[in-house]
Amino acid sequence: MRQLRLYLEFSRKAFQRSAAYRFDAWTRLFSNVIFLFMWGFIWFALYSGKGDVEGVSFESMLSYIVVSQMLQGVHGAGTPLWEIQERVRTGDIAMEMMRPYDYPTRSLFSDFGNIAFHFLTAVLPLYVVLFALFDLQIPTSMSQWILFLLSAVLGYLIRYSVELTFGLLTFWLMETGGVEDIFYFSISLFSGSVIPLWFFPDWLETLAYFLPFQGIFFVPNSIFVGQLTGQALIEAMLMQGIWLVVSYVILRWVWSRAALKIVVQGG
Amino acid sequence: MGIIDVNHLSKQYFIAKRQEGMWGAVRSLFHREYITKTAVEDVSFSIEAGEMVGYIGPNGAGKSTTIKMLTGILVPSAGDVTVGGLVPYRERQKNARQIGVVFGQRSQLWWDLPTIESFELLKQVYAISDQQYRKNMDTFTEILRLDEFYQTPVRQLSLGQRMRADIAASLLHDPAILFLDEPTIGLDVVAKERMRTFIQEMNQERGITVILTTHDMADIERLCKRMILIDQGRVMYDGGLSKIRDRFGKSRILIVDLEKDTQLQVQGAELIRSEGNRKWLRFNREEITAAQLIQQVSIQADIQDLSLEEPEIDSIIRQMYEEGLSVG
C-alpha cells in the first residue's frame with residue numbers, strides 16, 4: 001500500500017510536469033490530427049467506388065482509423081524506449097538505480113501521469129468533437145464500452161512491456177538505432193494501427209496473430225467498431241492477457257540482467 | 001567489522017577495441033576484440049561507524065568506480081563489499097535506504113520540478129514520516145538557506161544552490177552513511193566553506209559515516225583525519241593525514257617568468273619543469289624560504305612575474321612515486 005502511494009506520487013509529479021510543457025502536448029496533438037486526416041483520405045481513396053471490402057463498410061473503416069489515432073495519441077504521451085536510452089547514455093540511470101524503488105514500475109507510473117494530463121487536456125476534447133461532428137461508429141452498449149476500455153488498457157501495458165524491453169537493449173548495445181527501427185516497424189505494421197489485420201494476406205495475418213503487437217491496437221480498435229464480437233472477442237482478449245503476462249515476464253528477466261550488466265557511462 | 005568492509009575488491013571493464021579504417025569497421029561487425037581495463041585492483045579497507053574518510057587520487061584512479069560498487073550500481077569483478085552488513089548490488093534497494101549519495105557532477109534531483117517538490121517526492125520515496133521530514137527540512141534550511149530557491153526548478157539553480165539542494169536531499173531520510181563524490185567541485189570559496197561546515201556538522205552531530213572523494217586538498221585537511229589514497233586502482237596509502245602532510249605538505253612550487261631563458265643554478269630547490277622563459281622550482285619551506293629562493297633567482301636573471309603553488313593531490317602522488325613512499 002505504501003509502495004503504491006510512492007508510485008502514485010510519481011504519477012502526480014509527472015502530471016504536474018506535463019502541465020509545465022503544455023506546448024509539447026499541443027504540437028503532439030497537431031501531428032496526431034495530421035496523420036488522422038492522412039489515413040482518412042487514403043482509406044477514402046481506396047474505398048471509392050466500392051461498397052464493403054472484406055465485409056467492412058467505409059464507415060467502419062473510418063471509425064477504426066479514428067479510434068486508432070486516438071489510442072495512438074494516448075500512447076504517444078509515454079515513450080519508455082527513448083527515456084531509458086537517454087538515461088543510459090547520460091548515466092542518469094545510476095541515480096535511478098540508487099533509489100529504493102523499482103525503475104520499470106516507477107517509469108510506468110510516471111507515464112500514467114503524463115498520459116492522464118495529455119488525455120484530459122488534449123486527446124479527449126478533440127476526439128469527443130470528432131466523434132460528434134462526423135457520423136462515426138461508436139460502441140452501442142455499456143458492455144462494449146467496458147470491453148473496449150479493458151482491451152485498450154491491456155494493449156497499453158503490452159506495448160509498455162515490449163517497448164521498455166527493446167529500450168533495455170541499450171545496456172548491451174549502446175547504439176540502438178537498429179533495434180529502434182525494428183520496434184517501430186513491427187509496431188506500425190503488426191499492431192494494426194493503420195491497416196487492420198483483416199486486410200492482411202492470410203499468411204501475414206496468421207503471423208501477426210502469433211505476435212504480441214496485434215493486442216496493442218488491433219484488438220481494442222476492432223472491439224470499438226464492432227468487428228470483434230462473441231467468441232472471437234473473448235479469445236482475442238484472452239490472447240491479450242497471455243501476451244501481457246509473457247511480455248511482462250520477459251521484461252522482468254531482461255531488466256534483472258540489465259541491472260547486473262550496468263556500466264554507467266562517464267561520471 | 002566496520003560499517004563498510006571492502007576486501008580484495010577489483011573491477012574490470014571490457015572496452016570494445018576500435019579497428020582502424022573501413023575494412024576494420026566491417027570486420028568489427030563479425031569479430032570484436034576487447035581490451036580489459038582495470039579500474040580497481042585488489043582494494044581493501046574497513047571504515048568504522050562515524051568516521052570521515054577522504055578517498056582520494058588523481059582522475060581515473062578508480063574512486064568513482066569504488067563508490068559505485070559501494071552504492072550497488074556496479075557489480076564487482078572480484079572481491080567482497082559489505083555496507084552496513086549488506087552486499088550492495090544484491091540488495092540494492094535495501095542498501096539505498098541506509099545510504100545517501102551526492103555526485104558533484106550530476107544532480108539526483110528531478111530537473112523539471114521546483115526544488116521543494118523534489119524533496120516532497122523523496123519524502124514519499126523513502127517513506128519519511130511527517131515529523132522527521134519537518135525536522136530535517138528545518139535544520140537543512142537553516143544551515144543551507146534552501147528557502148532562497150524552494151520554488152525554482154532544479155535546472156535553473158546555480159551550481160552552488162544545486163549542490164546545497166543535492167546534499168540536503170541525500171540526507172532527508174537520515175542515512176547512516178554518506179558518499180560524497182567531489183562535493184565541492186566548481187564551487188566558489190564561500191560556497192565551499194559552507195559545504196564543508198555542513199558536512200562536518202552532520203558527521204559530528206549525527207554521527208553519519210562519510211566517505212568523500214575530492215581533488216581539493218583543503219577539503220581533506222579541513223574534514224578528514226584519515227585518508228585513503230588510490231592510484232591506478234590500487235591503494236597507495238591508508239592512514240592519518242598528518243603523516244602525508246609532514247612528508248609532502250612542506251613542499252612548495254615557485255613559478256617564475258624570466259625575462260629571457262636562462263639556465264638557473266639554485267641551491268635548496270629543484271627545477272622540475274621548464275617551458276621557455278617559465279620555470280617551476282620545487283623547494284621545501286623548512287629548508288629554504290621563498291624569499292631566499294627568489295633572491296637567488298633574481299641574481300641570475302630578471303624576474304618578470306612569479307607565483308607560489310601548494311602541492312595538489314596529483315603532485316603529491318607523483319612525488320610518492322618518485323620517492324618511493326609506501327607507508328602501509
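Sequence lines set the chain letters: A, B, ... in the order given, protein chains first and strands last, and positions in each chain run from 1.
The main-chain N or O of A:Leu6 is never found under 3.5 Å from a side-chain atom of B:Gln124 such that the two would form a donor-acceptor pair. For the pair A:Arg5 (side chain) and B:Ala127 (backbone), a donor-acceptor distance under 3.5 Å is absent.
A pairwise comparison of heavy atoms in B:Ala96 and A:Pro100 identifies CB-N, 3.7 Å as the closest pair. A:Lys13 and B:Glu117 make their closest contact through CE-O, 3.3 Å (heavy atoms, listed as atom of the first residue, atom of the second, distance).
Here A:Arg17 contributes atom CZ and B:Trp111 contributes atom CH2; the two are 13.0 Å apart, rounded to the nearest 0.5 Å. Once rounded to the nearest 0.5 Å, the distance linking CG of B:Leu109 with CE of A:Met95 reads 9.5 Å. Here the CD-CG distance, from A:Gln16 to B:Leu121, works out to 9.5 Å after rounding to the nearest 0.5 Å.
At a threshold of 4.5 Å between non-hydrogen side-chain atoms, the residues B:Lys123 and A:Glu9 do not count as touching. Side chains of A:Met98 and B:Phe103 form a contact here, defined as non-hydrogen atoms less than 4.5 Å apart. Side-chain contact between A:Met97 and B:Thr71 is absent, with no heavy-atom pair separated by less than 4.5 Å.
Across B:Arg97, B:Gln93, B:Lys94, the residue that shares the most heavy-atom pairs under 4.5 angstrom with chain A is B:Gln93.
Shown here is A:Phe37, whose CZ atom has no more than 12 heavy atoms of other residues, nucleotides or ligands within 6.0 Å. Sparse packing is recorded around CZ of A:Phe35, with 12 or fewer heavy atoms of other residues, nucleotides or ligands lying under 6.0 Å away. With a 6.0 Å radius and a threshold of 12 heavy atoms from other residues, nucleotides or ligands, A:Trp82 has its CH2 atom at or below the threshold. Within 6.0 Å of CZ on B:Arg90 lie no more than 12 heavy atoms contributed by other residues, nucleotides or ligands.
Proximity to chain A is absent for every atom of B:Thr65, based on heavy atoms less than 4.5 angstrom apart. Using a 4.5 Å cut-off between heavy atoms, B:Leu122 touches chain A through its side chain atoms alone. With a 4.5 Å cut-off on non-hydrogen atoms, B:Val125 touches chain A through its backbone and its side chain both. Using a 4.5 Å cut-off between heavy atoms, A:Arg12 makes no contact with chain B at all.
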